S.K.: 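Supplied in structure tokens, the structure appears directly below.
A quick note: this is a predicted structure, and the numbers were derived from the prediction, not measured. Reckoned from all heavy atoms, side chains included, excluding hydrogens, waters and symmetry mates.
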Amino acid sequence: MEIRRATTVAELLAAGHLYDAPPREDWAEAFLAAPGHVLLIAYADDGFPAGFVSGIEMRHPDKGVELCLYELSVDEAHRRRGIGRALTEALASEARARGCYGMWVGVDTDNEAALRTYASAGAADEGLFTIRGWPFEDDRGRP
């Protein structure tokens, strides 16, 4: 397995089977152009995109910069091989290299696989919290 930072639209589109919905070329271009965004792809030995992790830098005047682990996905056929942990550790390394003071992720408390993955990569439980959202309908009619 090899983990590489995605730097081209083609790489982002080729990993489309790992996303929640089909990727769009214009959104992939915007993602790559946005400062503070990073997406790492894990490639199986045959070159297949087996997983990805994305992160976004978050800045605040009294805290500096931290990285939010936005999404982690591993292809079903490649799960339970340490790819999720390796991707999480690679993103943490990227966060340190960017000078971030920390990294965090929001995860459902009943998502045992994700909780195990993040714990195995060194994440500490910082307690329960809730998320409130403002869903806006996008141009595909999805909330």
S.K.: Taking side chain to side chain donor-acceptor pair (under 3.5 Å) as the cut-off, I'd like each qualifying pair that reaches into residues 75-102, sequence neighbours left out, listed once.
M.R.: Glu57-Arg98, Glu66-Tyr101, Asp75-His78, Glu94-Arg98
S.K.: Could you pull out all residues at least two apart from Ala14 that satisfy side-chain contact (heavy atoms from CB on, under 4.5 Å)?
M.R.: none
S.K.: Go through the structure and list residues passing side-chain contact (heavy atoms from CB on, under 4.5 Å) with Asp46, not counting sequence neighbours.
M.R.: Ala44, Phe48
S.K.: Who pairs with Phe31 by ring pair (Phe, Tyr, Trp, His ring centres under 6.0 Å), at least two apart in sequence or on another chain?
M.R.: His37
S.K.: If Ile, Leu, Val, Met, Phe, Trp and Tyr residues are connected whenever their side-chain heavy atoms lie under 4.5 Å apart, and connections chain through other members, are Ile56 and Val105 in the same group?
M.R.: no
S.K.: Are Leu40 and Leu67 connected, step by step, through hydrophobic side chains (Ile, Leu, Val, Met, Phe, Trp, Tyr) whose heavy atoms are closer than 4.5 Å?
M.R.: yes
S.K.: Tell me the closest heavy-atom pair linking Leu13 and Ala28, and the distance in Å.
M.R.: CD2-CB, 4.4 Å
S.K.: Membership question, hydrophobic clusters at under 4.5 Å side-chain separation (ILVMFWY): are Ile83 and Tyr43 in the same one?
M.R.: no
S.K.: Hydrophobic clusters join Ile, Leu, Val, Met, Phe, Trp and Tyr when side-chain heavy atoms are under 4.5 Å apart, directly or via other members; which others share one with Leu128?
M.R.: none
S.K.: Could you list all the ring-ring contact (aromatic ring centres under 6.0 Å, His included) pairs where at least one residue sits in residues 56-75, not counting sequence neighbours?
M.R.: none
S.K.: In Å and rounded to the nearest 0.5 Å, what is the CG to CG distance from Leu72 to Leu91?
M.R.: 9.0 Å
S.K.: For Asp45, check salt bridge (Lys or Arg N to Asp or Glu O under 4.0 Å) against everything at least two apart and list the hits.
M.R.: none
S.K.: Which residues pass the side-chain contact (heavy atoms from CB on, under 4.5 Å) test with Ala86, sequence neighbours left out?
M.R.: Met1, Ile3
S.K.: Taking the side chain as C-beta and beyond, is there a heavy-atom pair between Glu11 and Phe52 under 4.5 Å?
M.R.: no
S.K.: Could you check whether any side-chain heavy atom of Val65 comes within less than 4.5 Å of a side-chain heavy atom of Arg59, counting everything from C-beta outward?
M.R.: yes
S.K.: Taking transitive links into account, so neighbours of neighbours count too, which hydrophobic residues share a cluster with Met58 at under 4.5 Å side-chain distance?
M.R.: Trp104
S.K.: Once side chain to side chain donor-acceptor pair (under 3.5 Å) is applied, what residue pairs with a partner in residues 122-133 remain, sequence neighbours excluded?
M.R.: Thr130-Arg132
S.K.: Which residues pass the side-chain contact (heavy atoms from CB on, under 4.5 Å) test with Glu112, sequence neighbours left out?
M.R.: Leu115, Arg116
S.K.: What are the two closest heavy atoms between Gly84 and Thr117, and how far apart are they?
M.R.: C-CG2, 3.6 Å
S.K.: Rounded to the nearest 0.5 Å, what separation is found between the CZ atom of Arg5 and the CG atom of Leu32?
M.R.: 8.5 Å
S.K.: State yes or no: do Leu18 and Val53 share one hydrophobic cluster built from I, L, V, M, F, W and Y residues joined by side-chain heavy-atom distances below 4.5 Å, directly or via other members?
M.R.: no
S.K.: Carefully, step by step, assess Leu12 and Trp27 under the rule side-chain contact (heavy atoms from CB on, under 4.5 Å).
M.R.: CA-CA 10 Å; Leu12 295 177; Trp27 290 351; over 6 Å; no
S.K.: Would Leu87 end up clustered with Ile41 when hydrophobic side chains under 4.5 Å apart are linked, directly or stepwise?
M.R.: no
